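Predicted model only: the values in this text are computed from it and were never measured. Computed from heavy atoms alone, side chains included, the values below leave out hydrogens, waters and symmetry copies. Residues take their numbers from the sequence shown, with the count starting at 1.
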Amino acid sequence: MRLINNFLHRHPCHLWRHPQKRGMSYEASLQKLTSPLKDLVANAQADAGKTDADQAEVVGFIDKVADGDIVKSENLQDLETLLAPRTYLVSNYFTAADVALYGALHSRMSQLQPLQYYASPAITRYFDHIQSRPSVLIAAKALSPAFSFVTFDLESTPKIERKVDPPKRKEKAPKPPADQQREEPAEITKGEDAKESRKEERPQRDKKEKKEKNKETAAAAAEGTKKKGGASGASKPAEDDGEPVPSMIDMRVGHIIDVKKHPDADSLYIEQIDLGEETGPRTVVSGLVNYIPIEDMRDKYLVAICNLKPANMRGVKSFAMVLAATSRDGKDGGVELIQPPPGAKPGDRVYFEGSEYENAQPLSQLNPKKKIFETIQPGFTTLETREAAWVNPVTKSVHRIRTKDGMCLAPTFVGASLS
């Protein structure tokens, strides 16, 4: 945060109040960069900032890169701290500031040995993510060898030892000196204290008893109304009461903005998925390492199930699940990500066709005890058209999975199961 605070103090607020001046300051900042870094930023098709405030931050970081301060050895620990919780420098999306910082770091990162870049895991992770973006790869290749691709041996990264602090021992309160214990006659003190204590406890006890009585009365009234068949006094049913239906599942379009292998599990990826939420991307753990290469995961749009209960996956909490299609021949036949239609944006609602499902609200969170997803999942499949769908096991009616822009598809699989 020190880097951002320093930037804000150095730049007057009028830079982000007037779009015209803001645009001029961005172009002026680019001109401060030296070639070939200036050419890299100009050709990488990166956003200059979606809001005035974001563009002000982009300008500030580009200025810092131009000054050379941000990548000096004495400032790298500050940069490591800044990048540790972030995917990108500004907000939660890719900007020109990321391209500028990547280019400024390139000379240093390309010369590091494994033990050196292991010591800065956040900078290494960030650098590798930015250099792997398609637009950066194209721009860097055009300027080769100035920005050649840097390969990191991330598989051998040492595991972080997590030390557990020993339980704290409760210290006994020291006894008061003997002369203080005999300041007043014990029987008088006890009698007065007890009397005052009873005065304070009586209103609280009466209030508690009254509250419990009101609860019992309300419960009895509700039970009586239920027996009489009246609806007005019945308690409101829980939102997941009744038979599980597919519209209870909250599905949305997601965009993978970062992906890496789980440090403690060879078969798991850890993804940062943008779901259009103000809180930023969600961390999602997927068991797809053995089925989908990491290159095919980067920058992908997908369908995510967002209301499963968060689960710990080998020490990393996962806050959603990606929807994938498994070949009708089983996992040995391959696994593919279900793709939203072209033009879909992170956070777009994904729903099931059918009047009974299209306008229904999903649950805020699926109750694991209700087995809602487990009940619905066997009906998930891909049709002859490769469209994802749910087939009602009772009526055999087909409900395709879609967004407002079109159908969600498997790249190649027909008759696949979805999970």
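A donor and an acceptor atom, one from each side chain of Asp54 and Tyr93, are located under 3.5 Å apart.
No cation-pi contact links Arg400 to Phe352, judged by a cut-off of 6.0 Å to the six-membered ring centre and 45° from its axis.
Scanning all heavy atoms of the two residues, the minimum distance from Ala46 to Val99 falls at CB-CG2, 3.8 Å. Closest of all the heavy-atom pairs between Asp405 and Pro342 is CB-O, 4.4 Å. Nearest heavy atoms, Pro263 versus Ile270: CD-CD1, 3.9 Å. Contact record, Gln116 with Gln111: OE1-O, 4.2 Å, taken as the closest heavy-atom pair. Of all non-hydrogen atoms in Phe94 and Val136, the two that sit nearest each other are CZ-CG2, 3.6 Å. Heavy atoms only, all atoms of each residue included: Ser419 and Met321 are closest at C-CE, 3.7 Å.
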Asp258 and Tyr88: side-chain hydrogen bond (donor to acceptor under 3.5 Å, both in side chains), yes or no, with the steps?
CA-CA 10 Å; Asp258 189 29; Tyr88 299 107; over 6 Å; no

Should His255 and Asp299 be marked as a side-chain hydrogen bond (donor to acceptor under 3.5 Å, both in side chains) after you check the CA-CA gap, both sets of side-chain angles, and the distance that decides it?
CA-CA 7 Å; His255 177 211; Asp299 210 32; 2.7 Å; yes

Quick one: do Val245 and Tyr357 satisfy side chain to side chain contact (heavy atoms under 4.5 Å, CB included)? Show the steps, please.
CA-CA 8 Å; Val245 291; Tyr357 304 132; 4.2 Å; yes

Thr375 vs Lys370, side chain to side chain contact (heavy atoms under 4.5 Å, CB included): CA-CA, chis, key distance, verdict:
CA-CA 9 Å; Thr375 302; Lys370 298 281 185 177; over 6 Å; no

Check step by step if side chain to side chain contact (heavy atoms under 4.5 Å, CB included) holds for Lys38 and Lys32.
CA-CA 8 Å; Lys38 179 170 63 177; Lys32 296 177 185 178; over 6 Å; no

Could you walk me through whether Ile256 and Leu302 pass side chain to side chain contact (heavy atoms under 4.5 Å, CB included), step by step?
CA-CA 8 Å; Ile256 298 178; Leu302 47 75; 3.5 Å; yes

Trace of the salt bridge (Lys or Arg N to Asp or Glu O under 4.0 Å) decision for Asp69 with Lys72
CA-CA 5 Å; Asp69 291 339; Lys72 286 182 178 178; 3.4 Å; yes

Where do Arg252 and Asp250 land on the salt bridge (Lys or Arg N to Asp or Glu O under 4.0 Å) test, with the steps shown first?
CA-CA 7 Å; Arg252 299 181 226 160; Asp250 181 8; 2.9 Å; yes

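With a 4.5 Å cut-off on side-chain heavy atoms, His399 and Glu356 count as touching. Here the side chains of Ser247 and Pro362 are not in contact, with every heavy-atom distance at 4.5 Å or above. Put simply, the side chain of Ser286 does not reach to within 4.5 Å of the side chain of Met313, judged on heavy atoms. Residues Asn307 and Ser364 have side chains not in contact (no heavy-atom distance under 4.5 Å, counting atoms from C-beta outward). For the pair Pro246 and Tyr351, the minimum side-chain heavy-atom distance is 4.5 Å or more. Between Val322 and Val303 there is no side-chain heavy-atom pair separated by less than 4.5 Å. Residues Arg282 and Gln272 are not in side-chain contact: their nearest non-hydrogen atoms beyond the backbone lie 4.5 Å or more apart. Side-chain contact between Leu418 and Ile338 is present, with at least one heavy-atom pair separated by less than 4.5 Å.
Between the side chain of Ser135 and the main chain of Ala44, a donor-acceptor pair closer than 3.5 Å is present. Using a distance-only test at 3.5 Å, with no hydrogens or angles considered, a donor-acceptor pair links the side chain of Asp98 to the main chain of Leu89. Although no hydrogens or angles enter the test, the distance criterion places no donor-acceptor pair under 3.5 Å between the side chain of Glu57 and the main chain of Ala53. Remark: the backbone N or O of Ala265 is not paired with any side-chain donor or acceptor of Arg314 at under 3.5 angstrom. With hydrogens and angles disregarded, no donor-acceptor distance shorter than 3.5 Å links the side chain of Trp390 to the backbone of Thr381. Without hydrogens or angle criteria, Thr382 side chain to Ala410 main chain gives no donor-acceptor distance under 3.5 Å. Looking only at distances, a side-chain donor or acceptor of Glu80 sits under 3.5 Å from a matching main-chain atom of Ala122. Side chain of Glu358 to main chain of Gly354: a donor-acceptor pair is present (N/O by atom type, distance under 3.5 Å, no hydrogens or angles). In this structure, Asp47 contributes its side chain and Thr95 its backbone to no donor-acceptor pair below 3.5 Å. Side-chain atoms of Asp296 do not come within 3.5 Å of backbone N or O of Ile292 as any donor-acceptor pair.
Interatomic distance, CD1 of Ile294 versus CG of Leu288, reported as 11.5 Å (0.5 Å rounding). Taking CE of Met109 as the start and CD of Gln131 as the end, the distance is 8.5 Å to the nearest 0.5 Å. If you take CZ on Arg86 and CG on Leu82, they are separated by 5.0 Å, rounding to the nearest 0.5 Å. Interatomic distance, Leu83 CG to Tyr126 OH, rounded to the nearest 0.5 Å: 6.5 Å. The structure places OH of Tyr117 at 8.5 Å from CG of Leu112, a figure rounded to the nearest 0.5 Å. Distance check, rounded to the nearest 0.5 Å: CG of Asp63 to OH of Tyr26 gives 11.5 Å.
For Lys300, the NZ atom counts as densely surrounded, since its 6.0 Å shell holds more than 12 non-hydrogen atoms of other residues, nucleotides or ligands. Crowding of Gln45 atom CD: a count of heavy atoms from other residues, nucleotides or ligands under 6.0 Å not exceeding 12. Counted within 6.0 Å of CD on Glu384, heavy atoms from surrounding residues, nucleotides or ligands total 12 or fewer; the atom is thus considered open. In the displayed structure, Asn290 atom CG is contacted under 6.0 Å by more than 12 heavy atoms of other residues, nucleotides or ligands.
Within the structure, side-chain hydrogen bond (donor to acceptor under 3.5 Å, both in side chains) pairs that include any residue of residues 321-348 comprise Glu336-Thr412 (at least two apart or interchain). Contacts classified as ring-ring contact (aromatic ring centres under 6.0 Å, His included) and involving residues 311-331 (residues at least two apart or in different chains) are not found.
Looking at residues two or more places apart in sequence or on another chain, you find no side-chain hydrogen bond (donor to acceptor under 3.5 Å, both in side chains) involving Lys371.
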